[in-house]
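Note on naming: letters A, B, ... go to the chains in the order of the sequence lines (proteins, then strands), and numbering restarts at 1 for each one. Below, each value reflects all heavy atoms present in this structure, side chains not excepted, and no hydrogens, waters or symmetry copies. Predicted model, so just to flag it, every value in this text is computed and none were measured.
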There are 2 protein chains.
Amino acid sequence: MKSYKIPEATIARLSVYSRYLSKVEQQGLELISSGEIAEGSGVSPAHVRKDLAYFGEFGTRGVGYNVKELHRHILKILGLDLKWKVVIVGVGHLGTALAMYRGFRDRKFEIVSLFDVDESKFGKVYEGIEVKPFNDLEKIIKEENVDIGIITTPTSSAQSVADIFVNSGIKAILNFAPCVLNVPYNIELRNVDLAVNLEVLTFNIASKQKK
Amino acid sequence: MKSYKIPEATIARLSVYSRYLSKVEQQGLELISSGEIAEGSGVSPAHVRKDLAYFGEFGTRGVGYNVKELHRHILKILGLDLKWKVVIVGVGHLGTALAMYRGFRDRKFEIVSLFDVDESKFGKVYEGIEVKPFNDLEKIIKEENVDIGIITTPTSSAQSVADIFVNSGIKAILNFAPCVLNVPYNIELRNVDLAVNLEVLTFNIASKQKK
DNA sequence: TAGATTGTTAATCGATTAACAATC
DNA sequence: TAGATTGTTAATCGATTAACAATC
């Protein structure tokens, strides 16, 4: 693996390629070209080849890529050959939706538990995942060696959840609360702001209409 | 408004600034500097000023920005002074979560209806929003002049939902199904792939560990 | 005037794309 | 050899950042 910095957009695209390859593999196709992957993923062929080139040579010139092999390589690159333990804090609609989200379950993510402060939710089970008291969060992260924490609480609690994550030795945080979290540089943090997506669309529509 | 192309990232940041300004406005603060907005939004002060500069001059040199005024300006830029009608197709966990999502309701988005093919869901009401038969989708979009359609169906149905959206004259689509949709160039399309976010994190953790 | 902070320019940095040599 | 497609380079494009003139 080469050592220059790899764009985050490249990683996001690799994830998209892998999902498409998974579909293609199920269809029994053996060989695929960068052009076909590009079409199936909504990017350019040059993009596909460049993205892959960061990590090695996976194809055969004049021929293409072996679907199965390339798929396995990409999963390995993304760390998806490993099993990842995840907890979700905040058992609202979004939290439970994520707990049951097929896109997470199809990969090797294991959702260890859900957590909430609301006593009335304790013990509830969603698709085999139990809701536990927020007070047990730190203990369980340590015991189970949880890798990733997902925050789906209201904004007001997000930072304190993040603090507990950090103290418990979690490695990465996926935050759905629309706020800026302070975490040490060695913790991977990714914010997903659902409302931003709608607002980019309204901007685009509105600017068209103004013309 | 100047006419050179505005980066999409700028729009996404404006949305974040507006949320922070909303908070600051509630606290009763009147003046704010680019540095403070930057800190509250997790970006650099230069970024804040550059982003705003695409749209005009909203501050006073040596002084800063009037919180209320700037907030109103940004909302206007994003098209959030208007009311937007939204439908959600696919009443799974994610669909209902989005229907009830505060981040959407706090803005001026009006969720007109939810739609599903499953008869047993027809007539159910989530926070005042009724689930209607998928067959009525086209009719209602036209009748109600719906602006934005959200897709939270399984991947296999996503394209056919998009086709109906397009035929019904919807202006923008927010797609949560992990697939590439084909829509005419004049329809605004935005894909949100929740699993990609987790996979960017696993890549980052995995590459650290390999070092 | 001195201090502060914006608006804008120019420099830097990084990502995308086109093109082609390598090679099956 | 001719055709095809990768891997890689170099050119282009665009976004970020630093720096500073403008100005309150």
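For A9(A), taking side-chain heavy atoms from C-beta onward, the closest of the listed nucleotides dT16(C), dC20(D), dT6(D) is dT16(C). Distances were taken from every side-chain heavy atom of Y65(A) (C-beta onward) to each of dT8(C), dT16(C), dG7(D); the shortest belongs to dG7(D). Comparing dT17(D), dT16(C), dT6(C) by their nearest atom to the side chain of S44(B) picks out dT17(D). Listed candidates were dT16(C), dA21(C), dT5(C). Nearest to the side chain of R61(A) is dA21(C). Here the nucleotide nearest the side chain of K50(B), chosen from dT17(D), dT8(D), dA15(D), is dT17(D).
Distance, L31(A) CG to dT5(D) P: 10 Å, rounded to whole Å. One interatomic measurement links the two molecules: CD of E36(B) to P of dT5(C), which rounds to 8 Å at whole-angstrom precision. Following rounding to the nearest Å, H47(B) (NE2) and dG7(C) (P) show an atom-to-atom distance of 16 Å. Straight-line distance from the OH atom of Y17(A) to the P atom of dT6(D): 12 Å, rounded to whole Å. At whole-Å resolution of the value, CZ in R49(A) and C1' in dA4(D) are 12 Å apart. Residue L52(A) contributes atom CG, which lies 14 Å from atom P of dT16(C) at whole-angstrom precision. In this structure, the NZ atom of K5(B) is 20 Å from the P atom of dT12(D), given to the nearest Å. Regarding N66(B), its CG atom lies at a distance of 13 Å from the P atom of dT6(C), rounded to whole Å.
Under 4.0 angstrom from either OP1 or OP2 of dT6(C) there lies at least one side-chain N or O belonging to S34(B). Put simply, Y54(B) has no side-chain N or O that comes within less than 4.0 Å of OP1 or OP2 on dG14(D).
Tested against E144(A), the residues K132(A), K139(A), K85(A) include a single salt bridge (charged side-chain N to carboxylate O under 4.0 Å, His left out) partner, K85(A).
Pair assignment for dT17(D): dA10(C), on the basis of Watson-Crick or G-U wobble contacts that are both within less than 3.5 Å. Using Watson-Crick or G-U wobble geometry with both donor-acceptor distances under 3.5 Å, dT5(D) finds its partner in dA22(C).
For V63(A) and R13(A), each mapped to the nucleotide of DNA chain C holding its nearest heavy atom, the one lying further toward the 5' end belongs to R13(A).
At a threshold of 4.5 Å between non-hydrogen side-chain atoms, the residues F115(A) and I140(A) count as touching.
The nearest pair of heavy atoms linking Y54(A) to K5(A) is CE2-O, 4.3 Å.
For F104(B) and Y101(B), the ring centers sit closer than 6.0 Å to each other.
Using cut-offs of 30° and 60° on the angle between ring planes, the pair H73(A) and F58(A) is tilted.
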